[in-house]
Amino acid sequence: MNLNEERLQKEKMKQVQLLAAYYQVINRLPLGDQRDQMIRDILASKDRIKKINQKLTELNNKE
């Protein structure tokens with residue numbers, strides 16, 4: 001595993017852990033701005049994970 005791939009894997013794990021934490025909290029939040037922000041954060045985190053997966057796929061296809 002090269003350095004770039006390792007860095008991407010670490011970032012992906014951070015995002016997955018963050019996503020898990022969001023999902024644990026979201027159901028306890030009342031409707032409102034704070035919950036809406038949490039939903040936006042979840043969507044942003046999922047998007048970052050998707051982009052990292054695409055980059056990892058590209059790296060693996062080059063090898």
Side-chain angles (χ1 to χ4, degrees):
M1 185 180 313
N2 66 34
L3 194 58
N4 196 28
E5 186 177 358
E6 188 175 326
R7 183 184 58 79
L8 287 170
Q9 287 288 0
K10 286 181 181 180
E11 179 60 29
K12 179 180 174 181
M13 287 310 301
K14 287 179 189 176
Q15 290 301 318
V16 169
Q17 290 171 343
L18 187 60
L19 195 58
Y22 286 150
Y23 277 117
Q24 289 177 343
V25 173
I26 190 78
N27 290 330
R28 290 185 250 144
L29 290 176
L31 296 177
D33 290 340
Q34 191 176 11
R35 185 181 176 105
D36 292 346
Q37 182 59 50
M38 181 76 59
I39 291 170
R40 285 190 290 276
D41 292 343
I42 287 171
L43 293 174
S45 185
K46 288 173 79 172
D47 186 54
R48 283 195 282 287
I49 291 169
K50 181 181 176 184
K51 287 178 181 177
I52 290 170
N53 282 336
Q54 288 172 342
K55 289 178 184 177
L56 287 169
T57 300
E58 290 171 9
L59 284 174
N60 287 330
N61 287 339
K62 288 181 180 179
E63 293 177 357

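Just so it is clear, the values below take in all heavy atoms, side chains as well, and ignore hydrogens, waters and symmetry mates.
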In one Ile/Leu/Val/Met/Phe/Trp/Tyr side-chain cluster, 4.5 Å: I26, V16: yes
Distance (rounded to the nearest 0.5 Å) between S45 OG and Q17 CD: 10.5 Å
Pairing residues for Q24 by the side chain to side chain contact (heavy atoms under 4.5 Å, CB included) criterion, not counting sequence neighbours: R28
All side chain to side chain donor-acceptor pair (under 3.5 Å) counterparts of R35, not counting sequence neighbours: none
Residues that E11 engages under side chain to side chain contact (heavy atoms under 4.5 Å, CB included), provided they are two or more places apart: K14, Q15, I52
Heavy-atom side-chain contact between N4 and R7 under 4.5 Å: yes
Residues that K50 engages under side chain to side chain contact (heavy atoms under 4.5 Å, CB included), provided they are two or more places apart: Q54
Partners meeting side chain to side chain contact (heavy atoms under 4.5 Å, CB included) with D41 (sequence neighbours left out): Y22, Q37
I39-I49 co-clustered via ILVMFWY side chain contacts under 4.5 Å: yes
Spatial distance of atom CG (N53) from atom CG (L8) [nearest 0.5 Å]: 9.5 Å
Rounded distance [0.5 Å steps], CG in L29 versus CD in Q34: 5.0 Å
Joint hydrophobic cluster, L18 plus V25, side-chain heavy atoms closer than 4.5 Å: yes
Spacing of L56 atom CG and E58 atom CD [to the nearest 0.5 Å]: 9.5 Å
Partners meeting side chain to side chain donor-acceptor pair (under 3.5 Å) with K51 (sequence neighbours left out): D47
